[in-house]
A.B. asks: 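Dumping the structure here so I can ask a few things about it.
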Amino acid sequence: MSTAALVLAAGRGERLGAGLPKALVSLAGVPLVVRAVEAIAAVPEIERVVPVVPPGELARFAALLSGVAGAHKLAPPVEGGRERQDSVRAGLASLADDTAWVAVHDAARALVRGADVSRVIAAARRHGAALLAVPLRDTMKRVRDGRVLETPPRAECWAAQTPQVFAARLLREALAKADAEGFLATDDAQLVERLGAPVAVVEGEVGNLKITTPEDLAAAEVLLRARGERAA
Ligand code: CTP
Ligand code: MG
């Protein structure tokens with residue numbers, strides 16, 4: 001029963017606006033993709049780690065990742081695509097046929113902790129699919145054209161994170177259905193939900209933030225310092 005992880009690093013990072021692919025941006029001296037790949041490769045249940053990188057960047061990422069901790073688990077980088085879902089498809093297509101479980105992780109969540117990854121893998125093995133998420137602190141409003149449509153009960157609102165872990169066969173089927181229907185999701189669990197399959201929720205940590213804006217990068221530096229890890 002082999003378990004592989006896709007580390008999605010093919011985004012342009014427009015909201016961060018660093019002038020280079022977000023995965024290459026340094027957090028306390030270490031590029032986000034290096035931090036994310038090392039965190040995922042350190043998880044004992046994960047045997048193979050596939051970095052999915054921006055088109056045209058294979059050589060640069062391969063060189064950057066050659067010396068990471070856990071490099072023996074690392075597959076050569078795969079080129080991603082225009083949309084995140086295209087990158088997932090490319091990563092999934094590169095996996096060996098005997099891959100039973102796939103963890104999909106955003107390189108932008110460079111602070112993920114191994115113990116949380118292990119917990120979500122265990123939940124996926126029980127239920128077929130699982131994701132890390134945190135309960136929302138704010139009340140959520142569905143809004144259209146500047147007006148509130150509805151207020152979902154806050155106790156039922158969680159913010160989805162990654163990794164999201166799936167039986168490989170389930171994720172392949174879910175992606176094929178979405179592609180056939182021209183459906184573009186903002187996370188992978190949504191594709192599996194559309195099959196009517198159960199997706200388990202594992203409570204994660206707010207610190208597993210997605211670095212999206214310069215403010216997030218600054219917050220991540222503070223979190224790292226508080227953890228006492230590899231501050232520059
Ligand atoms: N991603 C990807 N392929 C894409 C788009 C996104 O692999 N075509 C990855 C990003 O590299 C990131 C994760 O998906 O690790 C989450 O995406 P996001 O935070 O939106 O990153 P970017 O798309 O790079 O940022 P932006 O939307 O600001 O351009
Ligand atoms: Mg994006």
Side-chain angles (χ1 to χ4, degrees), residues 4-27 30-41 43 46 48-62 64-65 68 74-95 102-113 116-117 120 131-134 159-166 171 174-175 178-179 182-192 204 206-221 223-224:
L6 307 179
V7 176
L8 300 180
R12 291 172 292 279
E14 277 161 11
R15 287 169 289 178
L16 189 59
L20 73 168
K22 183 160 78 179
L24 296 175
V25 170
S26 281
L27 167 58
V30 182
L32 295 181
V33 67
V34 171
R35 287 188 179 276
V37 163
E38 287 190 341
I40 294 295
V43 175
I46 293 176
R48 196 91 174 129
V49 181
V50 181
V52 183
V53 308
E57 297 279 3
L58 285 176
R60 178 148 62 146
F61 276 73
L64 180 67
L65 291 169
V68 297
L74 208 58
V78 168
E79 276 190 357
R82 180 159 188 83
E83 302 293 339
R84 188 181 176 286
Q85 200 164 308
D86 300 322
S87 299
V88 173
R89 188 183 312 104
L92 205 51
S94 80
L95 296 178
V102 184
V104 184
H105 184 60
D106 291 338
R109 293 189 193 272
L111 297 187
V112 69
R113 291 194 200 251
D116 292 333
V117 181
V120 71
L131 72 149
L132 283 178
V134 287
Q161 301 181 336
T162 67
Q164 301 190 348
V165 184
F166 309 94
L171 183 57
L175 193 59
D179 287 346
F183 180 80
L184 209 58
T186 51
D187 78 342
D188 310 295
Q190 201 183 348
L191 303 179
V192 169
V206 174
N208 180 24
L209 82 168
K210 183 157 76 78
I211 296 168
T212 307
T213 64
E215 291 76 21
D216 297 330
L217 196 60
E221 296 219 7
L223 278 168
L224 265 185

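Every number for a ligand or one of its atoms is a count from 1 in the order of the listing. Residues: numbered from 1 along the sequence shown.
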A.B. asks: Among pairs that include at least one residue of residues 50-59, which meet salt bridge (Lys or Arg N to Asp or Glu O under 4.0 Å), considering only residues two or more places apart or in two chains?
C.D. replies: Glu57-Arg60
A.B. asks: Does a side-chain heavy-atom distance below 4.5 Å link Val53 with Leu58?
C.D. replies: yes
A.B. asks: Taking salt bridge (charged side-chain N to carboxylate O under 4.0 Å, His left out) as the test, write out the residues that go with Arg89, two or more places apart.
C.D. replies: Asp86, Asp179
A.B. asks: Sequence neighbours excluded, which residues qualify as side chain to side chain donor-acceptor pair (under 3.5 Å) partners of Thr213?
C.D. replies: Glu215, Asp216
A.B. asks: Report all protein residues having a heavy-atom distance below 4.0 Å to some atom of ligand 1; order the list by chain, then number.
C.D. replies: Leu8, Ala9, Ala10, Gly11, Arg12, Gly13, Glu14, Arg15, Lys22, Gly81, Arg82, Glu83, Arg84, Ser87, Asp106, Ala107, Ala108, Lys210
A.B. asks: Do Val88 and Leu8 pass the side-chain contact (heavy atoms from CB on, under 4.5 Å) test, and can you show the C-alpha distance, the side-chain angles, and the key distance before you say yes or no?
C.D. replies: CA-CA 7 Å; Val88 173; Leu8 300 180; 3.6 Å; yes
A.B. asks: Hey, are Asp187 and Arg84 close enough for a salt bridge, meaning a charged N less than 4.0 Å from a carboxylate O?
C.D. replies: no
